[in-house]
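Below is one structure, written out as structure tokens, with a few remarks after it.
Throughout, protein chains are lettered first and strands after them, A, B, ... in sequence-line order, and every chain is numbered starting at 1. All values reported here derive from a predicted model rather than from experimental measurement.
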Number of protein chains: 2
Amino acid sequence: MRARLLEATVDCLVERGFAGTTTTLVSERAGVSRGAQLHHFPTKNDLVVAAVEHVTMVRADELRAAVAGVPSGERRTRQVLQVLADHVTSPAFTAALELWVAARTDPTLLAAVAPLEKRVGRETHRLTVEALGADEEVPGIRELVQATLDLVRGLGLADTVTDDRRRRARILDRWAEVLDERLGVAG
Amino acid sequence: MRARLLEATVDCLVERGFAGTTTTLVSERAGVSRGAQLHHFPTKNDLVVAAVEHVTMVRADELRAAVAGVPSGERRTRQVLQVLADHVTSPAFTAALELWVAARTDPTLLAAVAPLEKRVGRETHRLTVEALGADEEVPGIRELVQATLDLVRGLGLADTVTDDRRRRARILDRWAEVLDERLGVAG
DNA sequence: AAACAAACAGTCAAGCCTGACTTTTTCTGC
DNA sequence: GCAGAAAAAGTCAGGCTTGACTGTTTGTTT
């Protein structure tokens with residue numbers, strides 16, 4: 001019941017955006033009555049925050065699994081970048097983007113989103129460090145990993161307006177080269 | 001008259017977001033009558049697209065001026081990055097972000113935003129190449145510049161949720177080092 | 001000077017979203 | 001088997017936004 005509501009909410013966020021996501025629409029999509037929905041999530045904000053948290057957790061597991069499946073070797077860095085790139089073009093990222101932008105001008109929503117984002121950010125960073133085999137003790141390496149995450153975020157944002165997969169691929173190819181060179185040696 | 005409307009629209013976008021920007025509110029802020037507004041911009045979409053186009057053009061001039069003011073020398077690359085970082089934390093970027101996200105789920109808006117974004121993207125790229133003194137003939141350099149722009153976009157997005165200036169600064173410090181090394185020598 | 005066109009100002013009704021209220025159903029405990 | 005509580009379903013009113021309509025002013029041309 002809860003799960004159905006959350007998934008319907010994410011679908012709505014992706015398809016119609018935050019403003020276009022009405023609680024009525026979600027309840028209809030989820031096949032859940034208006035009252036039942038209101039019972040679980042009293043307000044729209046409660047619903048969307050829970051939905052993004054839910055999809056983020058699911059997505060985190062997928063990310064871990066994808067990273068675990070990447071073989072070590074020559075092109076590992078590039079493939080890890082691909083996993084990240086796939087993430088920022090996924091519905092989970094799109095839904096989160098809608099939430100970020102909405103939260104920017106809604107204090108109530110921001111109060112709920114900020115801590116969630118902090119947790120997710122830390123976890124993603126940790127995962128990326130591990131996946132890349134980066135040694136954060138080396139000065140500058142931590143910043144490169146952060147830059148990598150901000151880069152893919154930027155690519156994800158650009159993707160929502162103009163989907164140019166080949167451009168993304170070329171940029172990531174190049175980025176992987178930089179990373180490979182920098183991660184191996186002392187920064 | 002038009003200018004007042006456009007600037008009031010940008011202010012509203014920044015303060016209240018796309019959904020919170022009502023045509024009524026804009027006309028009140030601009031001190032322009034409802035009918036006058038409707039005369040210049042028949043629909044809300046017309047208004048916001050024109051507003052973002054306007055602020056983008058103004059901002060482009062400021063960017064050019066800022067870049068022109070950066071002295072050549074040791075820390076030029078870092079300072080150019082700072083100009084870009086300042087841009088993605090400016091109201092112009094925030095307003096554009098609102099527009100991108102809104103356009104994602106509004107075909108009419110997307111039709112108007114896409115070509116604008118293409119033009120602006122090209123122009124920004126050109127400006128950055130020039131500012132960094134990058135030689136695009138060298139393979140891989142073009143992708144590095146694109147990566148730089150996507151990186152700052154990502155930083156700008158992160159800034160809307162959690163404003164962490166020091167984190168940004170460290171990342172840009174590091175990236176400037178990488179760029180300096182890469183731009184000088186053949187990629 | 002007068003008439004016409006264009007820009008401007010104010011009002012308003014239709015449509016929609018949100019969240020509260022009331023009724024019905026289902027499940028649990030006695 | 002029954003009673004009560006919890007969950008679910010449906011309905012509805014209040015509030016808000018949008019863009020259309022009507023009246024007024026200003027400027028220009030003859």
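- Under the 3.5 Å distance criterion, the side-chain polar atoms of B:Arg78 are left unmatched by any main-chain donor or acceptor of B:Glu177.
- Protein chain A touches strand DNA chain D; the 5'-most and 3'-most nucleotides with an atom under 4.0 angstrom of its non-hydrogen atoms are D:dA7 to D:dT11.
- Comparing A:Val32 and B:Arg16 against DNA chain D, the residue whose closest nucleotide sits nearer the 5' end is A:Val32.
- Side-chain N or O atoms of A:Lys44 include one that pairs as donor or acceptor with a backbone N or O of A:Thr21 at under 3.5 Å.
- Listed for the A:Arg76 side chain is no donor-acceptor partner under 3.5 Å among the backbone atoms of A:Leu132.
- Taking the nucleotide of DNA chain C with the nearest heavy atom to each of A:Gly35 and A:Thr24, the more 5' of the two is matched to A:Thr24.
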Stepwise side chain to side chain contact (heavy atoms under 4.5 Å, CB included) check, B:Thr9 with B:Val55:
CA-CA 10 Å; B:Thr9 304; B:Val55 76; over 6 Å; no
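- Under the 4.0 Å criterion applied to side-chain N and carboxylate O atoms, A:Glu143 and A:Arg182 are not assigned as salt-bridge partners.
- Across B:Phe93 and B:Gly156, no two heavy atoms sit closer than the pair CE2-C, 3.7 Å.
- Taking a heavy-atom distance under 4.0 Å as the criterion, the stretch of DNA chain C touched by chain A extends 5' to 3' from C:dC17 to C:dA20.
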Would you check, one step at a time, whether the test side-chain hydrogen bond (donor to acceptor under 3.5 Å, both in side chains) holds for A:Asn45 with A:Thr108?
CA-CA 8 Å; A:Asn45 280 0; A:Thr108 309; 5.0 Å; no
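- More than 12 heavy atoms of other residues, nucleotides or ligands lie within 6.0 Å of CZ in B:Arg4, so this atom counts as buried by the packing criterion.
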